[in-house]
Amino acid sequence: MIIVDSIAQMQKLSREWQQQGLTIGIVPTMGFLHAGHLSLIDECHQHSDKVIVTIFVNPTQFAPDEDLASYPRDEERDCQLCEDRKVDAVFIPKSDSIYHHNHSTWVVEKELSQHLCGKSRPTHFQGVTTIVTKLFNATRADFAIFGQKDAQQALIIKRMVRDLNTPITIKISPIIRESDGLAMSSRNKYLTPKERINALAIQAGIKAATQAFKMNKKSSATLKQIINDKIINSGGKVDYIAIVSQSNLKALTEINEPCLIAIAAYYGNTRLIDNCLLT
Ligand code: AMP
């Protein structure tokens, strides 16, 4: 496995692979890898001859009051996990090689980014779309794998690639959960043992709402109330609970089309997200 830290070296390596007729897949991550990331790597192997994992804690997707400085990092362990997973290259660029001191160009998606996490994190998605574009340019990948865990991000990236005619295919992998149902996340490390247990209420809320939907409850308000009660009763603080169209992320009052139930909630200072598709 090759560890690459410069854009020029990454582009050179990818060009060589392409000249050999090999396809390239990329799994963009912020590191501190867990089984969710590893499932994306496995998926990437299904689509491409060469698999690149990128590890970059992207400063522009964090607001000034967010957890950029404390975001968990362990590059050595990440590289070992990638090697075990037969990754061909890990791209770990330095921040100043990605963002020049006078960086002034942004990729902005203007519709889907307005909803859900975009409301509480208004600059987040332009940081994501910009870094993802840069990583696509650096790796020249044919495929990219993203997780359904970040459902809104996945939709925005798909929209961006469509709108900009980027020559890459986006694949979405399912959410990987801990055995008790908590969606895996690098940020779970912040949770105290008590918060970790309380946070199971998010998944319990989703399950209860799904059950109610199956019993023919189609009102979004009713389902959101079910989830809200679970989270509040467990000591969590709701950022949002939304039931939105899968196609445009607009809020639905009645569930009469495929929808996404999306949740963001705080346990202590830790903001967790989770979601589920209802059809
Ligand atoms: P992150 O390192 O948190 O920025 O995530 C990198 C990629 O891994 C994103 O596409 C995420 O959606 C995906 N991911 C994170 N957690 C999970 C999970 N529990 N299951 C599946 N994919 C995940």
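Atoms considered below: every heavy atom in the structure, side chains included; atoms not considered: hydrogens, waters and symmetry mates. Counting starts at 1 for both ligands and their atoms, following the listed order.
- Judged by distance alone, the side chain of Asp150 and the main-chain N or O of Gln153 form no donor-acceptor pair under 3.5 Å.
- The shortest N or O to N or O distance between Ile176 and ligand 1 is under 3.5 Å.
- Put simply, part of His34 is less than 4.0 Å from ligand 1, judged by heavy atoms.
- Side-chain contact check for Tyr240 and Ser120: no donor-acceptor pair (N or O, by modelled atom type) lies under 3.5 Å.
- Taking the six-membered ring where tryptophan is involved, the planes of Phe136 and Phe146 are perpendicular, since the angle between them exceeds 60° and thus also 30°.
- At a 3.5 angstrom cut-off on N or O pairs, Leu40 does not count as close to ligand 1.
- Distance CD1/Ile55 to CD1/Ile92: 4.5 Å, rounded to 0.5 Å.
- Ligand 1 lies nowhere less than 4.0 angstrom from a heavy atom belonging to Ala35.
- Between Ser39 and ligand 1, no pair of N/O atoms sits closer than 3.5 Å.
- On a distance-only criterion, Gly147 and ligand 1 share at least one N/O pair closer than 3.5 Å.
- Within the listing of ligand 1, atoms 16 (N), 17 (C), 18 (C), 19 (N) sit less than 4.0 angstrom from a heavy atom of Met184.
- Closest to atom 23 (C) of ligand 1 among all protein heavy atoms lies Lys149 CB, 3.8 Å.
- Put simply, part of Pro28 is less than 4.0 Å from ligand 1, judged by heavy atoms.
- Note: an N/O pair closer than 3.5 Å links Asp150 and ligand 1 by distance alone.
- Contacts of Pro174 with ligand 1, taken as heavy-atom pairs under 4.0 Å, involve the backbone alone.
- Every N/O-N/O distance between Phe146 and ligand 1 stays at or above 3.5 Å.
- For Lys50 and Asp142, the salt-bridge test fails: no basic side-chain N is under 4.0 Å from an acidic carboxylate O.
- Taking the ring centre of Phe56 as origin, the terminal cationic atom of Lys134 falls outside the region bounded by 6.0 Å and 45° from the ring axis.
- The part of His37 lying near ligand 1 is the side chain, judged by heavy-atom distances below 4.0 Å.
- The backbone N or O of Gly127 sits nowhere less than 3.5 Å from a side-chain atom of Thr130 that would complete a donor-acceptor pair.
- Distance from atom 4 (O) of ligand 1 to its nearest protein heavy atom, with residue and atom name: Met30 CG, 3.6 Å.
- Using a 4.0 Å cut-off between a side-chain N of Lys or Arg and a carboxylate O of Asp or Glu, Glu43 and Lys171 do not qualify as a salt bridge.
- A salt bridge is absent between Asp78 and Arg73: the closest approach of a Lys/Arg side-chain nitrogen to an acidic carboxylate oxygen does not fall below 4.0 angstrom.
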